[in-house]
Student: 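Input: one structure, supplied below.
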Amino acid sequence: MKRDNIIKTTNLLYVLPMLIFFGVFILSPIIQVFENSFLQIKANGDVEFIQFDNYIKFFNSKDASMVLKNTFIWVFVGVAAKILIGLLMALVLYNNFVGKRVLTGVMLIPYAMPAAVSCVVWRLMYHPTFGHITQLLLDLNILERPMSFLGNPATSLLAVLIVNVWAVAPFCALNILASLYSIPTYIYEAASIDGAGHLRKFFHITIHLIFTDVRTLALLIGIWAFNSFDVIYMMTTGGPANSSSILVNLVYQNAFEFNNRGYASAISIICFIILSIFSVLYVRSKNKEVSFE
Amino acid sequence: MKKMLLVLLSLSLVMVLVLPTVAETKEITYVTLGNTGMELLEEAAKAFEEKEGVKVNLESWSYSDAYSKILTLAEAGNMPDSMYGFSSWTVQFKEAGYTVAIDDLISKELYDDFSKAARDVCSVNGELWAMPSYMSVRSILINQTAFDEVSDEPPTTWEGLLELAPELCGKTCPYAYTLVAGHPKNTIDCFLPILWAYGADVLSEDQKTVAFNTEEGVAALQMYVDLAKYAVPDYGEATINETQSNFTTQTAAAYVHNAQGLAALKAAGENYDWATILQPLKGPGGEAYSYGVMDVDLVFNTGNQDITAKWLEFWHQAKYQGVVIDKAGFVPNQASYYKEMPIFTDEANVFVAPFAAMEPIAKFKPSITCWEEIQKIMADNVTKAVFGQLTAAEAFEAAEKDCNEVLAAQ
């Protein structure tokens, strides 16, 4: 009994550094943010306990509904587009053809490119007076006059979302491609003998067998998208008039531009709750195994 | 042996206690934004070290994240000793206890050397809480060739400019006007000259509520919205540099700014004879203001404020800062610069003389604790009006409500 206790204590000592690290650098800041979310910290340093006012202010603000809607579009529409385009790219690369290696390399460029570089390139392409996209749309008579895609509240979110999808879709393609390669070929051979066509094999074998991996991938890139701040900040800083802001932009804006630490903390806690749901789903999806037998 | 150890320990203790104190007074940190005048800053810092024996560590931060960076550092009590920044920060940093008043830290000669307008902008309750630094006075610049095509006389009012705008488009310049509105600060920089010309203002006199939601204010916003229809379509995303280049590349026929764009053309050896600097355009009541942008040097409460103020006084000399002002196309706000540098009083110097003459009618942005938030709310609603999501009246009604809530919470 005594020996057991010694072993337990020793084991605890082994994990102690990690527990201290977790407590100091993760748990403590979370508690601090949670505490701040109930406070109003004034410029002169005065602190006032305001209960749930920061949360009420967020849900009552005109921007909240727009930012929540933007976050929903940014995460869910973005993930759907990334997975769909990634799947199409993976299906193309799954086949053998001349130049496959070159195409795979080219396909990875958007993912490998630093976000700052791709944002500058896309800003130039979107430019209303000399951008390629504007010029193409003018030449095709789709636009009557040059248009500012990033500067117009109606198009800014879509314009930024396209850049994000362009950058992340190759990563999805690589993951899906790995899943496709993991499907044993004898399953397809058996299906062919049974008379299944390409579409039937795709929907009943491919989709079915890569579904678990794709679901995990979707949750992962969903979490990344929820937290992604760089592309929006570099291309529109969330504007104009918050039309391309998502929740994390609002946190940054309030914490560092307006110095509203309490309000920013409240929005952070809302983000934390939403992300916790994602995390639980992610962990649960990882536990579900798929069998090829 | 024991004695030897004791002596060594005592020496170490003395060094530990004394050395940091010595080091603290031997070095100070000064932060500038962008690269404006960096070479001269380095030269001045070297000369200051030779004279006073104090090293000035120079840091250069980008404009875009300077505010968040300084707030984060200040919150952690790790501020630089001094920093170049915007006058709109003065009150907030004073209230937070980050900065110190500098009246007693600088010489009377330097205090008297600053223009009254510059001192007023940097003063809070009669005390100088920031040192006036680079000052930009903005008015309207026009492409004379473009305007000659459509009118015998250049416009003197905003209405006059709007009347000419449809005709201006598509001739010498594809567009009549250029607005910069990518960042709330830039949107407001473009809008305030119109708001003030129309007789409205951002804040009430007691600065407790906003004052722009009046008949005049709404008319000013409508003017801005109407002008935007004839502006380069990069509205909403253009940076200040892009707006400047819209004018210098003759894409837009008019814009409100200083002479920096023309100075860049001169530096590149290009012709800028086609550009004319006009007096600020008037509103319906005949009011007109040039738009003053005052940048400041702040002295932080780090314990080194005496020597920091000495450094700033050393830097604020014609041979150092004066030269930067000349090169960058700013307007001097120290009398000594005008005396020691004839180029500032030379009427042929179009980069300074016309703008310096407009300093007495310059109006500056207010300096209040929550200015960044007020500015954002105003800019967002101005943008919504430009894109037709709200009418001018609706936009200002919404902005007034939100701004007053922010002001009330202070």
Student: Would you compute the distance between atom CD of B:E405 and atom OG of A:S61 and round it to the nearest 0.5 angstrom?
Tutor: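 With rounding to 0.5 Å, CD (B:E405) is 10.0 Å from OG (A:S61).
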Student: Give the minimum heavy-atom separation between A:P240 and B:T383, together with the two atoms involved.
Tutor: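 Closest approach of A:P240 to B:T383, heavy atoms only: CB-CG2, 3.6 Å.
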Student: For B:Y175, is it the side chain, the backbone, both or neither that has a heavy atom under 4.5 Å from a heavy atom of chain A?
Tutor: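 Contact with chain A involves the side chain of B:Y175 alone.
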Student: Strictly by modelled atom types, are B:E372 and A:N259 linked by a side-chain donor-acceptor pair under 3.5 Å?
Tutor: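 The answer is no; no qualifying pair exists.
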Student: What heavy-atom pair brings A:Q40 and B:A409 nearest, and what distance separates the two atoms?
Tutor: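 Shortest heavy-atom separation between A:Q40 and B:A409 comes out as NE2-O, 3.5 Å.
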Student: So how far is it from B:D65 CG to A:E257 CD, rounded to the nearest 0.5 Å?
Tutor: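 Answer for the CG-CD pair, B:D65 versus A:E257, is 10.0 Å.
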Student: Would you mind checking which part of B:V386 comes under 4.5 Å of any heavy atom in chain A, side chain (CB onward), backbone (N, CA, C, O), both or neither?
Tutor: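 Neither part.
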Student: For chain A, find which of B:Q375, B:E242, B:K94, B:K69 contributes the most heavy-atom pairs closer than 4.5 angstrom.
Tutor: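 Winner by heavy-atom pair count: B:E242.
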Student: Does A:N242 form a side-chain contact (heavy atoms from CB on, under 4.5 Å) with B:K376? I'd like the steps, not just the answer.
Tutor: CA-CA 10 Å; A:N242 281 342; B:K376 171 89 167 71; 3.1 Å; yes
Student: Identify which of A:M235, A:K62, A:H127 forms the greatest number of heavy-atom pairs closer than 4.5 Å to chain B.
Tutor: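 That would be A:K62.
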Student: Take atom CG in B:N35; do more than 12 heavy atoms of anything else shown fall under 6.0 Å from it?
Tutor: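 It does not: B:N35 CG has 12 such atoms or fewer within range.
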Student: Report which part of A:N260 has an atom under 4.5 Å of a heavy atom belonging to chain B: side chain, backbone, both, or neither.
Tutor: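 Interface part for A:N260: side chain.
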Student: Using heavy-atom distances under 4.5 Å, tell me whether A:Y252 contacts chain B through its side chain, its backbone, both, or neither.
Tutor: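 For A:Y252, the contact with chain B is made by the side chain alone.
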Student: Can you say whether B:E75 sits under 4.5 Å from chain A via the side chain, the backbone, both, or neither, judging by heavy atoms?
Tutor: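 For B:E75, side-chain heavy atoms alone lie under 4.5 Å from chain A.
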Student: Give, as side chain, backbone, both or neither, the part of A:E48 having an atom under 4.5 angstrom from any heavy atom of chain B.
Tutor: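 A:E48 has no heavy atom closer than 4.5 Å to chain B.
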Student: So with a 6.0 Å cut-off around CZ of A:F272, is the heavy-atom count from everything else above 12?
Tutor: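 Atom CZ in A:F272 is not packed in, count stays at 12 or less.
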Student: Does B:Y63 OH have over 12 foreign heavy atoms under 6.0 Å away?
Tutor: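 Buried by this count: over 12 neighbours within 6.0 Å.
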Student: Side chains of B:L71 and A:R261: does their closest heavy-atom pair fall under 4.5 Å?
Tutor: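 In short, these two side chains touch, coming nearer than 4.5 Å.
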Student: Kindly compute the distance separating CD (A:Q253) from CD (B:E373), expressed to the nearest 0.5 Å.
Tutor: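 Here the interatomic distance stands at 8.5 Å.
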Student: For B:N246, is it the side chain, the backbone, both or neither that has a heavy atom under 4.5 Å from a heavy atom of chain A?
Tutor: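 Neither part; nothing is under 4.5 Å.
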Student: Working to the nearest 0.5 angstrom, can you tell me the gap between B:W371 CH2 and A:F258 CZ?
Tutor: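 The distance works out to 12.0 Å.
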Student: Walk me through whether B:T72 and A:F256 qualify under side-chain contact (heavy atoms from CB on, under 4.5 Å).
Tutor: CA-CA 8 Å; B:T72 312; A:F256 299 109; 3.8 Å; yes
Student: Check whether any side-chain heavy atom of B:Q389 sits under 4.5 Å from a side-chain heavy atom of A:P153, and report yes or no.
Tutor: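 Yes, at least one pair of side-chain atoms sits under 4.5 Å.
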Student: Taking 4.5 Å as the heavy-atom cut-off, does anything in residues 129-148 of chain A contact chain B, and if so which residues?
Tutor: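 Residues of residues 129-148 of chain A touching chain B at under 4.5 Å: A:T129, A:R145, A:P146, A:M147, A:S148.
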Student: Identify which part of A:Y233 has an atom lying under 4.5 Å from any heavy atom of chain B, answering side chain, backbone, both or neither.
Tutor: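 For A:Y233, the side chain is the part near chain B, not the backbone.
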